[in-house]
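Structure, as structure tokens:
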Amino acid sequence: MSLPNDSPASARKPLFAYSYPKEEPQKRRWNFPRWDMPRSTLGLMAGLLVTFFLVLGTFISSRSANLELQAQTAANEEQTSGLIGQVQDLEKQNEELRQQLNNSHSRLGAELSRTRGLYVAVRHDQERGQEELKRALETKADASQVNSQVSSLKSEHESVKSSVSGLNTEVATVKQDVGAVRDLATKNASEIQQHAHEIASNREAISNTGKDLSTFKSSFDREVLSFELPKNGKPVQVADVMLRLDKTSQKNSEFSLEIFLAGKRLVKKNRGLNEPIYFYGEGYRKPFELLITRVDKNVVTGTLSVPKKG
């Protein structure tokens with residue numbers, strides 16, 4: 001029996017040798033949690049997102065429209081204030097023109113009175129001269145005295161005539177001034193009337209803008225639903241309201257119907273076309289508004305304005 005070699009080379013070798021298979025390093029994988037959701041839930045979330053963006057867009061557009069309406073109202077009010085100031089200035093100027101016209105009338109009356117006085121004086125002078133001439137002829141005065149008296153009377157007559165001519169010229173000038181004042185007063189009256197029409201138009205525009213703004217604001221507090229209601233004995237549901245048509249009269253544009261809301265029944269008989277019907281419901285602070293806009297033989301068409309709850 002041979003013993004194992006004790007040489008150093010043989011000492012380094014093991015008595016038993018076994019080779020293990022090499023394992024390949026495994027690749028590390030990241031396993032993420034799966035999020036499986038039903039399609040109905042995904043559709044609901046998508047619908048909510050779309051509704052949110054629609055409401056946001058509606059709010060932004062309503063805000064911009066509200067600001068635009070307010071700016072238009074302020075501009076109309078500012079323009080109306082300016083027109084009122086112009087009208088006040090024109091009325092003041094018209095009052096001054098009336099005063100000038102009255103002064104011109106007074107001056108014209110005074111000149112006419114003075115002219116009448118001079119005319120009467122001339123007539124008296126003429127009559128007196130004729131009497132003196134007649135007396136001179138009767139007393140057979142000499143021709144030189146008669147001629148001197150005639151020349152004196154003629155000079156006085158010419159002087160009076162020139163005075164009357166000057167007065168006529170002055171009267172014509174006063175008449176022209178009066179005509180100019182009248183034309184200016186008529187022009188101012190026309191401008192005042194035009195400004196009054198503009199003020200009335202601006203006030204109407206302001207009123208219409210206020211109504212549009214009020215309607216615009218109230219439209220966010222209500223939801224208007226259209227419906228068609230046949231006369232077949234079956235009720236039609238519109239929002240929380242049930243409606244049933246009883247009868248129609250196309251000739252008279254009348255109808256009768258029943259309203260069911262929260263277990264209550266309301267009967268509206270022989271109502272007319274475009275006649276609003278108001279009624280309250282439990283949980284609503286504002287009334288419902290029912291409006292029939294078309295009446296046919298066996299069907300009516302209209303709208304139901306539903307207020308918000310709370």
Side-chain angles (χ1 to χ4, degrees), residues 44 47-74 76-77 202-310:
L44 178 60
L48 290 175
L49 286 174
V50 171
T51 304
F52 171 75
F53 284 113
L54 288 176
V55 171
L56 182 61
T58 304
F59 175 76
I60 294 173
S61 61
S62 65
R63 179 66 177 175
S64 61
N66 191 4
L67 293 175
E68 184 178 355
L69 287 173
Q70 290 179 357
Q72 184 179 0
T73 303
N76 287 331
E77 290 179 353
N202 281 338
R203 286 177 177 172
E204 185 178 0
I206 291 172
S207 178
N208 292 334
T209 303
K211 291 180 181 178
D212 293 340
L213 186 59
S214 177
T215 304
F216 185 76
K217 289 181 179 178
S218 63
S219 64
F220 289 94
D221 296 334
R222 290 178 170 272
E223 183 181 7
V224 180
L225 304 175
S226 301
F227 64 88
E228 187 177 87
L229 189 61
K231 190 176 68 174
N232 55 7
K234 296 181 180 179
V236 174
Q237 184 169 4
V238 183
D240 294 339
V241 181
M242 299 288 291
L243 303 174
R244 189 172 71 85
L245 183 62
D246 290 337
K247 65 177 182 178
T248 60
S249 175
Q250 188 176 8
K251 180 179 179 181
N252 299 325
S253 296
E254 292 181 349
F255 61 92
S256 298
L257 53 80
E258 297 177 357
I259 303 171
F260 300 91
L261 178 61
K264 296 181 180 180
R265 174 175 171 267
L266 301 175
V267 180
K268 304 296 180 180
K269 293 184 177 181
N270 300 326
R271 293 304 181 101
L273 187 67
N274 293 323
E275 178 184 352
I277 300 174
Y278 297 98
F279 56 93
Y280 285 87
E282 186 176 356
Y284 294 92
R285 292 185 179 181
K286 295 182 180 180
F288 288 79
E289 181 181 354
L290 177 67
L291 186 67
I292 300 300
T293 57
R294 182 176 177 180
V295 177
D296 293 328
K297 184 177 180 181
N298 293 318
V299 66
V300 296
T301 305
T303 59
L304 179 65
S305 178
V306 181
K308 290 186 177 181
K309 288 186 178 181

Sidechain-backbone polar pair: T248 side chain, K297 backbone, donor-acceptor under 3.5 Å =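 Present.
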
Side chain of Q237, backbone of A239: donor and acceptor closer than 3.5 Å?
->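 The answer is yes, because a donor-acceptor pair under 3.5 Å joins these two groups.
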
Listed pairs under 3.5 Å, donor-acceptor, residues 299-307 side chains, sequence neighbours left out:
| unit_1 | atom_1 | unit_2 | atom_2 | d |
| --- | --- | --- | --- | --- |
| S305 | OG | R222 | NH1 | 3.1 |

How about E68: does its CD atom have over 12 heavy atoms from other parts shown lying under 6.0 Å from it?
-> no

Take V241 and L290 through the test side chain to side chain contact (heavy atoms under 4.5 Å, CB included) and record every step on the way to the result.
-> CA-CA 10 Å; V241 181; L290 177 67; over 6 Å; no

If a pair satisfies salt bridge (charged side-chain N to carboxylate O under 4.0 Å, His left out) and one of its residues is in residues 246-255, list it, with sequence neighbours excluded.
-> R244-D246

State which residues pass ring-ring contact (aromatic ring centres under 6.0 Å, His included) with F260; sequence neighbours excluded, sorted by chain then number.
-> none

For F288, all residues meeting ring-ring contact (aromatic ring centres under 6.0 Å, His included), sequence neighbours excluded =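 Partners of F288 by the ring-ring contact (aromatic ring centres under 6.0 Å, His included) criterion, ordered by chain and then number, come out as F279, Y284.
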
List for me each residue that meets side chain to side chain donor-acceptor pair (under 3.5 Å) alongside N232, sequence neighbours excluded, and say none if there are none.
-> none

Apply side chain to side chain contact (heavy atoms under 4.5 Å, CB included) to the pair I292 and R271, showing each step before the final yes or no.
-> CA-CA 9 Å; I292 300 300; R271 293 304 181 101; over 6 Å; no

With sequence neighbours excluded, what pairs up with L48 under the side-chain contact (heavy atoms from CB on, under 4.5 Å) test?
-> L44

Taking all non-hydrogen atoms of both residues, which atom of V236 and which atom of P230 are closest, and how far apart?
->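 Taking every non-hydrogen atom into account, CG2-CD, 4.1 Å.
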
